[in-house]
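Scope of the values below: all heavy atoms of this structure, side chains included, with no hydrogens, waters or symmetry mates. We count ligands from 1, going down the list as the structure has it; atoms in each ligand are counted the same way. Starting from 1, each residue takes its place in the sequence as its number. These numbers come from a predicted model, not from an experiment.
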Amino acid sequence: MTAQSNQSAYFKNVGKIKFEGKDSDNPLAYRYYDKDAKVGDKTLEDHMKFAVAYWHSFCGDGGDPFGHPTRPMPWNIGNSAEDRAKQKMDAAFEFISKLGLKYYCFHDIDLIDEGENINTFGKRLDFITDYALEKQAEFDVKVLWGTANLFSHPRYMNGAATNPDFQVVAHAGAQVKNAIDATIKLGGENYVFWGGREGYMSLLNTNMKKELDHMAQFLHMAKDYARKNGFTGTFFIEPKPAEPTKHQYDYDAATVLGFLREYDLMDDFKLNLEVNHATLALHTFEHELQVAANSNALGSIDANRGDYQNGWDTDQFPVNLYELTQAMMIILDSGGIQGGGINFDAKIRRNSTDLEDLFYAHIGGIDLFARALIIAHQILTTSEYKSLLSNRYQSWETSAGLDYEAGKLSLEDLANITGDGSHLKATSGRQEYIENLINRYI
Ligand code: XLS
Ligand code: NI
Ligand code: NI
C-alpha cells in the first residue's frame, strides 16, 4: 500500500511489481513490460492500457456448478453491504496499484450488492462511487469502461433489453441509467454492452425480429441518455456466440457490425472483442480483430483464452505467444485499439487458492502482451512480412486491376482479358514460409 492509505494490506506478501528484465527469475516481477519503453512512437503503457476486471478478480469466489466457493477473499467480510464494498475496493486498488496499472472495468453489481430494489441499489451505487472517486484520486487509477450486469438476477432470465415482458425491459433501462451515471461520475472512458441474456434458447417461444428491434431501441436510448449527460466516450458491444443463451444475438464481430449498420448505431458504437468469445464462434481472435478493423470499429479487447479441448468460456489467462503475436500484428497494422484497452476478463482456476495467484496470473498476461507487441512491431517494421503480403496482390497494380477496383470493368471485359485462360500459372501462398518467419522473430 502507498503511504497515504490507512487501510491494512490484503496482499501482504507482495510489494510493487517492478520491471526487472528478461533474465530475472523473480516470479513477482515483469520481464517484458517496461511500461515507459517505446515501441514505435508510443510507450508500452499507452499502446495497451491494461485494465483489471473487478468481477473475476474481486467478486468471483471459485464456485462452479459442481462445487462450493474455494477462494480466500479476506475483503468479503463486514456487517453491511457498504462495509463489504469498501473493503473490496480497498483490495482492488491495492492490487491494481501494486501491478502498476492505470485502469479497471466493472459491472454495477461488482461494486456493491444490489439490495432489495432498484432504488436501494441506486443509493448504494452513489455511496460506493463516492468512495471510488477518492480511491481513484489516491492511486491515479481510471475506469476503462463500466457496464450493467443484466444477466445474473432471475428477473433477466428471459432477457433484459430483449425480454418479452416490457416491464422487465423498463427495469433494465433503469439499471443502465444508473450504471451510465456511475460511469460518467467516475470519468469512465467507455461503456460496454455485453448481451448475456440477449438471445434465445428456443425459437418456438421467441419473436426474434421484435426482440432485435427492441434491443436496438434500447441501445439508442442508452446512447442518447449518456450523450445528453456529457458522456463523450465510446460505446462497445462485446460479441459472443453462445453461453448463457444458446443463440446470442451478438454472435460475432460480423454479426454485430451488421446489426449496428441496420439500426444506425455505427457513429457511437465500436466492438469490444474477447479472445475466448472469438474461439467459441470458431474464429481465430485475429479474424475478429480484422473484421472489426475493416469497419474502423476495433474499440477494445477482453484478454483471456479458452481451452481447445472443450467448448466453454473458460476465461483463462493468456499464455500463447504465437497466437498473441498474430493478434498484435493486426492491432498494430490497423492503427491500434480505438478508445479502449486490454481488459483482463480472465479468472484464476478454482484450485488456485493463494492470494498471490492473482498476481502471477496478471503478471503473466501483461508480460505476454508486452512481448507479443514488441515482436509484432519488429515483424511489421523490419521483416519482409509486409512485402510478402503486398506482393501477393501485385497484379492489382496493373491498369486492368486498377480499373477493376474502380468499378470500370464488366464481366464481358473480364472474359476479353482472360482470353483462352492458357496463361494462368499457379502462385504459391507460401503459408509455411510465413509461419516460419513469425517463429523466427519469436
Ligand atoms: C462474459 C463476458 C462479460 C463481459 C462483461 O462472457 O465476457 O464478462 O465482458 O459483461
Ligand atoms: Ni468479456
Ligand atoms: Ni467472456
Side-chain angles (χ1 to χ4, degrees), residues 49-61 64-65 103-111 114 143-153 156 159-162 172 175-176 178-180 182-183 188-199 215 218-219 222 234-253 255-256 269-283 285 288-289 292 298-307 310-318 327 337 340-349 361-362 365:
K49 286 168 74 178
F50 289 119
V52 170
Y54 219 85
W55 53 103
H56 285 312
S57 289
F58 304 105
C59 309
D61 60 12
D64 74 7
Y103 288 96
Y104 68 109
C105 298
F106 66 86
H107 301 85
D108 48 0
I109 70 161
D110 302 336
L111 298 182
E114 284 185 75
V143 172
L144 185 66
W145 50 261
T147 187
N149 178 320
L150 303 176
F151 43 90
S152 294
H153 195 281
Y156 297 126
T162 62
Q175 202 183 321
V176 166
N178 290 347
I180 288 174
T183 303
E189 298 185 4
N190 306 278
Y191 188 89
V192 162
F193 289 91
W194 170 62
R197 304 274 170 196
E198 315 294 22
M215 185 160 83
F218 192 90
L219 295 177
T234 307
F235 298 90
F236 299 138
I237 306 270
E238 183 178 323
K240 184 176 183 179
E243 195 191 319
T245 71
K246 175 170 168 60
H247 300 272
Q248 299 269 136
Y249 289 138
D250 299 329
Y251 191 93
D252 62 358
T255 309
V256 172
F269 285 76
K270 295 190 188 300
L271 303 186
N272 178 37
L273 297 171
E274 179 163 322
V275 183
N276 203 164
H277 297 182
T279 51
L280 282 178
L282 303 183
H283 297 307
F285 185 47
E288 291 292 85
L289 293 169
L298 175 47
S300 203
I301 284 176
D302 270 8
N304 58 25
R305 78 176 201 272
D307 180 308
N310 69 31
W312 313 324
D313 195 14
T314 58
D315 288 345
Q316 288 161 265
F317 278 82
I337 298 168
I342 295 170
N343 167 49
F344 284 103
D345 194 354
K347 59 186 172 208
I348 50 176
R349 297 303 87 190
H362 282 82

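- Not one N/O/S atom of Asp315, from backbone or side chain, sits under 2.8 Å from the Ni ion (ligand 3).
- Within ligand 1, counting atoms from 1 as listed, the ones closer than 4.0 Å to a heavy atom of Trp55 are 8 (O).
- Put simply, the residue from Asp313, Asp250, Asp302 that forms a side-chain hydrogen bond (donor to acceptor under 3.5 Å, both in side chains) with Lys240 is Asp313.
- Between His277 and ligand 1, a contact under 3.5 Å exists for at least one N or O pair.
- Using cut-offs of 30° and 60° on the angle between ring planes, the pair Phe151 and His107 is perpendicular.
- Looking only at heavy atoms of the protein, atom 8 (O) of ligand 1 is closest to Asp345 OD2, 2.9 Å.
- Taking a cut-off of under 4.0 Å to the non-hydrogen atoms of Lys240, the atoms of ligand 1 that pass are 1 (C), 6 (O).
- The aromatic rings of Phe344 and Phe50 lie parallel to each other, with less than 30° between the two planes, well short of the 60° mark.
- With a 4.0 Å cut-off on non-hydrogen atoms, His107 touches ligand 1 through its side chain and not its backbone.
- Using a 4.5 Å heavy-atom threshold, the side chains of Asp345 and Trp55 count as touching.
- Looking at Asp313, its N, O or S atom nearest to the Ni ion (ligand 3) turns out to be OD2.
- Of the heavy atoms in Asn272, none comes closer than 4.0 Å to ligand 1.
- For atom 9 (O) of ligand 1, the closest non-hydrogen atom of the protein is Glu238 OE1, 2.7 Å.
- Using a 4.5 Å heavy-atom cutoff, the side chains of Glu288 and His277 are not in contact.
- Distances from the Ni ion (ligand 2) to each N, O or S atom of Asp302 single out OD2 as the nearest.
- The two residues Ile180 and Tyr191 come nearest to each other via the heavy atoms CG1-CE1, 3.8 Å.
- The Ni ion (ligand 2) lies at the vertex of an angle of 90° between the OE2 atom of Glu238 and the OE1 atom of Glu274 (rounded to 10°).
- Taking the N/O/S atoms of Asp345 in turn, the shortest distance to the Ni ion (ligand 2) belongs to OD2.
- For ligand 1, the atoms closer than 4.0 angstrom to any heavy atom of Asp302 are 9 (O).
- Partner of Tyr156 under the side-chain hydrogen bond (donor to acceptor under 3.5 Å, both in side chains) criterion, out of Arg197, Gln175, Glu198: Gln175 alone.
- A donor-acceptor pair under 3.5 Å is formed between the side chain of Gln248 and the backbone N or O of Gly195.
- Asn272 places no side-chain N or O within donor-acceptor distance of the main-chain N or O of Gly299, the cut-off being under 3.5 Å.
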